[in-house]
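Each ligand, and each atom within it, is numbered from 1 in the order the structure gives. The figures that follow rest on heavy atoms only: side chains count, while hydrogens, waters and symmetry mates do not. Everything numeric in this text was worked out from a predicted model, so none of it was measured.
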Amino acid sequence: MTQLELAQKGTISSAMKAVARKETIEPESVRHGVAEGLIVIPVNINHRGVEPCGIGKGLRTKVNANFGTSPDFADIDTELAKLRAAVDAQTDTVMDLSTGGDISAIRRAIIAATSLPIGTVPIYQAGIEAIDRWGSIVAMPVEHLFAAIQEQAEDGVDFMTVHCGITQKAVDRLRKAKRTTDVVSRGGAFTIGWMLHNDKENPLYEHFDRLLEIARKYDVTLSLGDGLRPGSLADASDRAQIEELLTIGELVERSRTAGVQVMVEGPGHMPLDQIAANVQLEKLVCKGAPFYVLGPLVTDIAAGYDHITAAIGGAIAAAAGADFLCYVTPSEHLSLPDPDDVREGVIGARIAAHAGDIIKGVKGALNWDREMSQARKSLDWEKQIKLSIDPPRARKAHEQRGTTSAGCSMCGKYCAMELVAKYLGTSTVRC
Ligand code: SF4
């Protein structure tokens with residue numbers, strides 16, 4: 001039985017108990033959220049030792065790190081180094097988006113190297129193999145796509161991005177939309193190319209029940225992908241994006257009816273003032289399904305700093321109710337990230353998630369900030385470093401150029417904390 005089926009039967013599974021322990025909430029709250037489809041716990045029955053991670057209403061906002069080979073850089077060791085960087089930076093989940101080298105071997109190596117939940121986009125493997133075997137992605141037989149999904153489910157993949165909401169009707173809307181950047185989702189592009197070339201409906205939409213059967217058998221959480229997510233501010237919230245979301249809303253209901261856990265992916269590039277409305281729309285149309293956003297990136301012009309544009313958008317999205325933030329690295333739009341980019345991306349997304357959690361009222365979130373402020377007031381550097389989101393970076397900055405006879409080197413003997421504590425008679429204890 002899937003976690004959803006267990007929860008609906010009234011059973012509190014070990015995965016639900018583990019999520020409740022981590023979140024310090026009652027196991028029954030987790031069970032209820034899973035039963036209602038408001039929480040997902042991606043735990044494939046074949047993924048031995050996976051650490052259950054709850055995503056959804058009432059829980060801490062989670063962060064995902066993507067990595068994976070490309071046709072130009074297909075080295076397993078580099079991808080494993082990125083995995084280590086993501087884990088060190090405390091990502092909650094990882095996605096293997098490999099498109100180069102031996103894709104199956106890389107995925108299995110990643111699954112073996114971490115206990116975090118793993119996500120994939122199976123059409124990448126199916127499409128790349130179709131090029132090798134039949135010369136083109138558009139020549140991919142439907143059977144081959146489902147074989148890739150089956151193989152990845154058997155391997156223990158916990159959640160899969162599947163672009164089931166791109167229908168011929170949505171493609172028609174895309175044509176009429178005359179977008180600035182037509183399609184920026186790789187899976188979306190593969191799917192649309194296949195549909196247009198073959199003049200057929202999206203196989204993942206047409207054969208959605210078959211997908212549900214596989215997902216139910218292994219308890220793979222479906223992550224209904226936004227193949228038409230806006231890739232520029234100019235295209236945000238257009239009719240093509242919303243058309244896909246409407247279909248996804250219907251597929252959420254079909255998934256739940258089939259006992260399959262499901263979440264929904266969202267934009268993308270988006271002006272600040274549209275983000276909260278997009279979160280609310282997803283929650284309404286998709287009946288509260290957990291929302292997994294890529295960014296959103298709040299400006300198109302920050303190449304080299306898109307981990308920052310994504311963190312700005314991610315904080316607003318999380319505060320508005322988004323449940324899961326896909327990180328963006330400084331290399332976004334420019335190159336395949338390296339391990340340092342992965343680290344920066346995870347930390348940026350974690351800051352955004354935490355900022356959102358303060359507004360959501362997630363248990364313990366604001367207390368972390370209060371403790372940090374108390375440590376600052378006490379000039380307790382060790383505690384500040386321990387409580388910082390990135391202790392190694394905080395330690396490096398303080399030890400390299402921070403220590404002085406008073407306060408830190410920012411204000412030195414004019415340390416505001418010390419000065420005012422002296423006159424107010426409050427305590428500032430230097431450590
Ligand atoms: S010196 Fe300035 S920046 Fe440093 S702890 Fe004191 S008030 Fe804060």
Side-chain angles (χ1 to χ4, degrees), residues 24 60-63 65 85-92 272 275 295 297-299 301-319 325 327-332 338-431:
T24 62
R60 181 174 59 78
T61 304
K62 303 304 186 300
V63 164
V87 172
D88 285 350
Q90 297 180 39
T91 190
D92 295 293
L272 281 171
I275 295 173
L297 288 85
V298 295
T299 172
I301 54 89
Y305 295 91
D306 274 327
H307 57 313
I308 295 176
T309 58
I312 295 168
I316 294 168
L325 306 183
Y327 87 164
V328 173
T329 76
S331 316
E332 183 77 9
D338 67 14
D340 288 340
D341 293 327
V342 167
R343 179 179 178 77
E344 295 270 309
V346 171
I347 298 288
R350 285 184 56 218
I351 295 168
H354 176 69
D357 285 347
I358 291 167
I359 305 306
K360 281 180 182 170
V362 168
K363 198 173 170 190
L366 189 54
N367 201 41
W368 184 3
D369 294 71
R370 191 172 294 116
E371 277 190 63
M372 176 61 109
S373 294
Q374 284 163 346
R376 283 198 177 125
K377 168 86 191 315
S378 309
L379 300 177
D380 184 341
W381 305 109
E382 268 314 307
K383 195 159 184 195
Q384 288 178 59
I385 289 165
K386 190 167 155 241
L387 286 169
S388 64
I389 196 132
D390 184 359
R393 178 172 289 196
R395 181 175 297 287
K396 191 172 162 198
H398 185 65
E399 290 183 352
Q400 277 184 351
R401 10 169 243 285
T403 45
T404 62
S405 56
C408 72
S409 58
M410 184 77 181
C411 337
K413 63 182 179 182
Y414 308 118
C415 174
M417 298 279 191
E418 276 203 322
L419 204 71
V420 175
K422 195 164 113 192
Y423 290 108
L424 282 180
T426 53
S427 63
T428 301
V429 181
R430 189 190 309 283
C431 297

Which atoms of ligand 1 have any heavy atom of Leu379 under 4.0 Å away?
5 (S)
I'd like to know if Glu344 pairs up with Arg393 as an ion pair, taking the criterion as any Lys NZ or Arg NE/NH1/NH2 lying under 4.0 Å from an Asp or Glu carboxylate oxygen.
yes
Which residue in the set Ile347, Ile351, Thr91 passes side-chain contact (heavy atoms from CB on, under 4.5 Å) when paired with Val63?
Thr91
To the nearest 0.5 Å, atom CD of Glu418 lies from atom NZ of Lys413 at 13.0 Å
Which atoms of ligand 1 sit under 4.0 Å from any heavy atom of Met417?
7 (S)
Salt bridge (charged side-chain N to carboxylate O under 4.0 Å, His left out) filter on Asp306, not counting sequence neighbours, yields none
If a pair satisfies ring pair (Phe, Tyr, Trp, His ring centres under 6.0 Å) and one of its residues is in residues 338-363, list it, with sequence neighbours excluded.
His354-Trp368
Restricting to N/O/S atoms, is Cys415 within less than 2.8 Å of atom 4 (Fe) of ligand 1 or not?
no
Cys408 neighbourhood, listing ligand 1 atoms whose heavy-atom distance to it stays under 4.0 Å:
1 (S), 3 (S), 4 (Fe)
Going by the atom numbers of ligand 1, which of them fall below 4.0 Å from some non-hydrogen atom of Trp381?
5 (S)
Counting from 1, what ligand 1 atoms have a heavy atom of Met410 closer than 4.0 Å?
3 (S)
